[in-house]
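Read through the structure below, which is laid out as structure tokens, and then see the notes.
Quick note on labels: first sequence line is chain A, next is B, and so on, each numbered from 1.
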Amino acid sequence: MQVIDARADAARINELFYQHIPESGLRNYWHPVALSREITERPLARTLMGDPVVLLRRQGVAYAVANACPHRGTQLSKGSCEFPGSRTLTCRYHGWTFDVADGRLVAALTDGPDSAIVGKARVRTYAVAERQGIVWIWLADSAPVPVEQDIPRGLLEASEVHTVRRVAAGNWRWHVENPGLGHATFLHRDSAYMRMVDMFGYAEGPSAVLGTEGEDGEWLLDKFAGMGNNREYPGLGTWPPKRFGEVIKLTKFADGPLGVNSIVSVRLPGIVRVSNFPIGGSLYYEWFVQTDADHYLYFQVACGYPKTLLQRASWLARFYGWGRWAGMVRFNAQDLSMTEDSHTYAKRHGSNDPAPLYRPDGFQLAWRKYALEQLRGGKVPELRPQPAIREATSY
Amino acid sequence: MQVIDARADAARINELFYQHIPESGLRNYWHPVALSREITERPLARTLMGDPVVLLRRQGVAYAVANACPHRGTQLSKGSCEFPGSRTLTCRYHGWTFDVADGRLVAALTDGPDSAIVGKARVRTYAVAERQGIVWIWLADSAPVPVEQDIPRGLLEASEVHTVRRVAAGNWRWHVENPGLGHATFLHRDSAYMRMVDMFGYAEGPSAVLGTEGEDGEWLLDKFAGMGNNREYPGLGTWPPKRFGEVIKLTKFADGPLGVNSIVSVRLPGIVRVSNFPIGGSLYYEWFVQTDADHYLYFQVACGYPKTLLQRASWLARFYGWGRWAGMVRFNAQDLSMTEDSHTYAKRHGSNDPAPLYRPDGFQLAWRKYALEQLRGGKVPELRPQPAIREATSY
Amino acid sequence: MQVIDARADAARINELFYQHIPESGLRNYWHPVALSREITERPLARTLMGDPVVLLRRQGVAYAVANACPHRGTQLSKGSCEFPGSRTLTCRYHGWTFDVADGRLVAALTDGPDSAIVGKARVRTYAVAERQGIVWIWLADSAPVPVEQDIPRGLLEASEVHTVRRVAAGNWRWHVENPGLGHATFLHRDSAYMRMVDMFGYAEGPSAVLGTEGEDGEWLLDKFAGMGNNREYPGLGTWPPKRFGEVIKLTKFADGPLGVNSIVSVRLPGIVRVSNFPIGGSLYYEWFVQTDADHYLYFQVACGYPKTLLQRASWLARFYGWGRWAGMVRFNAQDLSMTEDSHTYAKRHGSNDPAPLYRPDGFQLAWRKYALEQLRGGKVPELRPQPAIREATSY
Ligand code: FES
Ligand code: FES
Ligand code: FES
């Protein structure tokens with residue numbers, strides 16, 4: 001376990017972060033894109049990190065290719081399967097027929113079997129994997145790593161996996177930095193979810209720890225010493241007001257499944273984990289997959305671990321009766337309203353303009369440092385030998 | 001009184017005008033932005049000259065600050081007042097709390113009373129004043145002048161003040177140049193309002209006079225010798241056709257309140273005044289406050305001076321029964337259709353491209369010269385010593 | 001008759017084509033813009049090749065001028081005719097009055113008969129002609145050629161002329177290149193129209209011939225040796241599947257009116273002709289007139305040649321009962337979906353990025369060569385002396 005205190009390097013870390021961690025997302029990782037049951041023989045069009053992509057199934061296997069015919073640019077999602085039982089997709093315009101596994105042109109139906117173009121054109125393919133009913137895609141040109149490397153064990157081992165997915169306005173980087181106890185106790189204070197769990201106040205002595213906790217691998221863990229509450233702000237008054245109660249039952253969030261104790265954790269390529277959310281006994285993961293310059297797919301996954309039929313019934317009742325709606329839909333919509341503003345602001349001021357940081361942002365700073373140091377396939381210059389430039393940030 | 005004949009300097013004036021009088025508006029002046037009754041404890045978001053601004057009231061006083069938290073850019077209009085009775089606004093995202101009078105960060109509710117960021121961040125503030133039920137804002141960084149300096153006396157002294165406000169497509173500079181008798185007798189000829197007052201034809205011998213008339217301060221006055229009517233146009237015919245009547249009752253517009261005799265007048269920062277509009281015995285003022293690159297707030301104010309209860313009842317009956325609808329809403333909507341086209345055209349051709357000017361545009365040219373010479377805080381080079389370039393304009 | 005085989009010059013032709021044949025369209029030609037019955041005294045606004053244009057009729061004659069007053073840019077389509085019986089159009093804003101035949105300013109109604117601006121301003125005019133109930137416009141500055149030079153004889157001599165017109169998303173160049181037998185038998189295979197005529201398979205031995213056929217002048221003719229059908233594609237299967245029938249009744253399309261035998265032909269400035277479409281005994285022409293950067297007017301014309309009243313009744317019954325809806329509306333809408341994708345793709349990749357071409361694209365390549373060589377008023381460098389660069393294209 002390594003406590004990351006990045007304050008001394010803040011200015012340099014921020015500069016490097018905006019330079020090396022692209023707005024369009026990290027391609028050298030597996031990202032969730034859809035549910036397995038959504039991928040059928042019929043092509044499905046998506047835009048991912050600016051690429052038009054078409055997803056489809058052939059002989060039971062999911063594939064992804066660029067959604068543009070190399071001939072005249074027709075969207076291949078308008079195409080059809082002309083040879084049932086084959087792995088092909090035929091373009092609607094002139095019948096060019098591609099093997100979706102390797103992208104090669106295997107026939108040009110309007111030019112006969114002897115067409116000279118066969119074998120000379122190719123459509124870009126993307127590696128696809130399916131785990132736990134979710135379709136994962138590798139958007140880089142490089143050879144993909146085993147998909148299990150990029151899926152948390154808490155998801156791989158869950159017996160219940162349920163998602164909420166929506167396209168949000170903004171940039172993924174702002175949403176990865178949303179978690180942390182700085183916002184939770186304030187932004188969400190009036191949500192139905194938060195009123196139930198009765199958390200309100202602020203985290204004291206927060207720190208970021210990179211380490212393992214139980215069996216879900218290495219994460220950047222958001223740790224804190226305790227909760228501050230009902231403090232006196234000179235000249236302003238007491239806050240939070242007494243009426244919200246004084247008992248902070250944060251213990252509710254500790255002791256999560258698989259030994260996850262931290263409430264919030266983050267790992268590359270920008271996965272957020274919350275323990276005991278949206279209902280007790282669960283692990284919650286979210287991904288932010290940039291689609292175009294101003295939108296990203298907000299992919300939320302709740303994982304349950306019931307063992308008996310009775311446990312399963314109880315878990316589902318609590319999830320669909322309360323947690324999904326109050327937590328994943330409503331509570332998290334409050335975040336979306338904030339991260340959209342950050343994007344608008346960054347576009348106006350230039351996204352490299354570092355925000356002034358305050359104490360709870362230590363976790364965000366630690367995330368930036370961790371991302372730079374651990375970035376797969378990235379070539380980020382040394383961080384430490386540089387002298388610290390304390391003055392350049394207000395953290 | 002000084003007659004402004006700017007023809008000899010036309011080319012140079014036009015060039016300097018587009019150079020020194022910005023499309024985004026003149027910041028060194030007070031502009032109307034809303035009604036006093038619209039500003040409450042609950043924040044109100046507006047965009048003014050490209051700046052996102054939030055207006056709100058604390059302890060009865062109206063304030064304006066930038067509508068973006070300096071921390072992560074959240075719109076402060078989503079914020080709340082966490083300390084009732086204070087002058088603060090708290091950001092929705094992480095609880096940063098600002099004094100809206102000076103913009104200073106006075107608390108960070110998610111970091112406790114000892115937060116080191118307090119006093120180290122600040123949100124931009126704008127000076128605000130309220131007069132006659134209207135909220136005025138000063139958008140420059142410079143120290144504001146007394147607000148009375150920028151509000152015509154005819155408005156300050158009115159006993160009835162009624163407004164029509166809408167966001168129009170276009171640029172404020174084209175609308176300030178809309179008035180003048182060149183357009184009024186033609187564009188508005190088929191409006192219900194114009195048919196009633198029976199004005200139709202064209203102004204003869206127009207000239208622009210910078211001077212005072214009665215008690216409403218110095219304005220650029222649109223003067224003319226008389227009205228031409230039913231003239232013979234060689235090869236075309238007589239115009240206007242007889243059916244519209246030959247009697248031009250322009251005297252209806254002279255003898256306005258406070259000794260204002262000119263029908264139309266203009267002053268900085270782009271205020272248009274019309275006497276006896278939209279009903280007799282009134283003064284009418286309009287402002288054009290640019291919001292974004294393609295829109296401006298069209299802020300119309302009718303001022304009445306009834307003294308007795310009976311006079312007041314009569315004024316209100318005529319205003320709401322006729323003048324507001326026929327004059328300020330419908331008649332002025334005809335102008336909006338024209339000024340929007342000028343904006344579209346200027347965007348296509350570059351707004352520095354001077355239009356060919358004709359005799360009635362002498363008033364517009366005089367306005368440009370006056371604006372350049374009197375611009376507050378502007379540093380406009382000498383106009384006169386330059387030799388006249390008569391050939392460069394078709395005026 | 002000259003067989004055009006452009007394969008040896010493919011790379012150079014493609015490069016020159018994108019360089020000399022502009023996205024915005026070919027101005028040195030007559031283009032259809034509206035129906036004669038749509039042009040009345042009341043101005044009609046259109047955007048053509050990026051130019052705002054206003055069309056109107058005076059004394060029975062159709063005229064076109066720029067839709068922007070040179071004074072302040074007001075759309076002249078908002079104007080009126082103030083001198084009935086004259087050829088004038090008066091601007092709505094300040095009454096500037098233009099002769100629509102030569103564009104000269106003949107009066108300024110708000111400045112009196114002695115206005116000095118008269119004769120000193122001018123609005124741009126466009127040559128207009130009317131033939132067969134269609135209004136044709138010449139968008140170049142150059143002197144127009146006789147309009148008959150740009151209208152196919154099959155249209156000039158038709159006794160029935162019926163149109164379908166719509167604004168489509170995309171670029172005209174992609175739609176001119178849509179025809180050819182490469183796409184027809186595949187894209188349209190499931191259209192109601194195609195199922196009736198029972199054409200399905202692919203063209204064998206296609207070649208492009210520049211020549212005359214019957215009485216409709218010189219066209220680039222899409223010729224082919226026969227239709228391939230139900231072939232075996234190694235490793236994939238037989239295609240098209242038997243169920244679609246084996247008899248290709250392409251003869252239905254030969255023997256068109258005026259001796260037109262080829263199914264599809266093309267000529268400058270980008271006119272497509274189809275014989276016996278949308279019903280037997282007809283000639284069909286289509287134009288693609290770019291409006292703005294992303295749209296074009298898709299102007300479709302069906303020409304019939306009935307001589308007796310009975311023939312006429314039969315032609316109209318077949319046209320309105322079947323051909324117009326099944327052919328011109330639905331069948332051709334399939335093309336629009338494809339050409340829009342080509343435009344999106346070209347914008348993403350740069351429109352100069354040559355698509356890989358296959359055998360049936362020989363017709364498109366021949367069209368590019370023909371367009372470059374015959375372009376009116378164009379100065380295209382020699383094509384032939386260059387050594388062939390076979391490797392640069394995948395054709
Ligand atoms: S565009 Fe796909 S086959 Fe031609
Ligand atoms: S964005 Fe306003 S407090 Fe963080
Ligand atoms: S804008 Fe047309 S007459 Fe003034």
Problem - A:V118, part contacting chain C, at a heavy-atom distance under 4.5 Å - result: neither

Practice task
Answer with side chain, backbone, both or neither: which region of C:Q334 has an atom nearer than 4.5 Å to a non-hydrogen atom of chain A?
Solution key: side chain

Handout entry: Over all atoms of both residues, closest heavy-atom pair of C:L357 and A:I117
Key =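 Scanning both residues completely, I find the closest heavy atoms to be O-CD1, 3.6 Å.
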
Practice task
Could you tell me which non-hydrogen atom of A:G50 sits nearest to which non-hydrogen atom of C:R348, and how far apart they are?
Solution key: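 Heavy-atom minimum between the residues: O-NH1, 3.0 Å.
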
Exercise for the section: Select, from A:A121, A:G73, A:A68, the one with the greatest count of heavy-atom pairs under 4.5 Å involving chain C. Expected result: A:G73

Any side-chain heavy atom of [X] within less than 4.5 Å of one from [Y]?
X	Y	answer
A:Y93	C:F186	no
C:S337	A:Q75	no
C:Y233	A:L109	yes
C:P356	A:W96	yes
A:R72	C:Q364	yes

Under a 4.0 Å threshold between the charged nitrogen and the carboxylate oxygen, would [Y] count as salt-bridged to [X]?
X	Y	answer
A:R92	C:D190	yes
C:D341	A:K78	yes
A:D114	C:R359	yes

Exercise for the section: Decide if atom CZ of C:R330 counts as having more than 12 heavy atoms of other residues, nucleotides or ligands within a radius under 6.0 Å. Expected result: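 No, CZ of C:R330 has 12 or fewer neighbouring heavy atoms, counting only those of other groups under 6.0 Å.
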
Problem - Contact leader toward chain A among C:D335, C:N178, C:T344, C:T339, where contacts are heavy-atom pairs under 4.5 Å - result: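 The candidate making the most pairs under 4.5 Å is C:N178.
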
Exercise for the section: Kindly compute the distance separating OG1 (A:T74) from NE2 (C:H183), expressed to the nearest 0.5 Å. Expected result: 11.0 Å

Problem - No-hydrogen, no-angle side-chain donor-acceptor test under 3.5 Å, A:H94 and C:D361 - result: no

Practice task
Could you tell me whether the side chains of C:Y358 and A:T110 share a donor-acceptor contact shorter than 3.5 Å?
Solution key: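 Checked: C:Y358/A:T110 side chains pair up, N/O donor to acceptor below 3.5 Å.
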
Practice task
Write out, in numerical order, the residues from residues 58-67 of chain A with a heavy atom short of 4.5 Å from a heavy atom in chain C.
Solution key: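 No residue falls under the 4.5 Å cut-off.
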
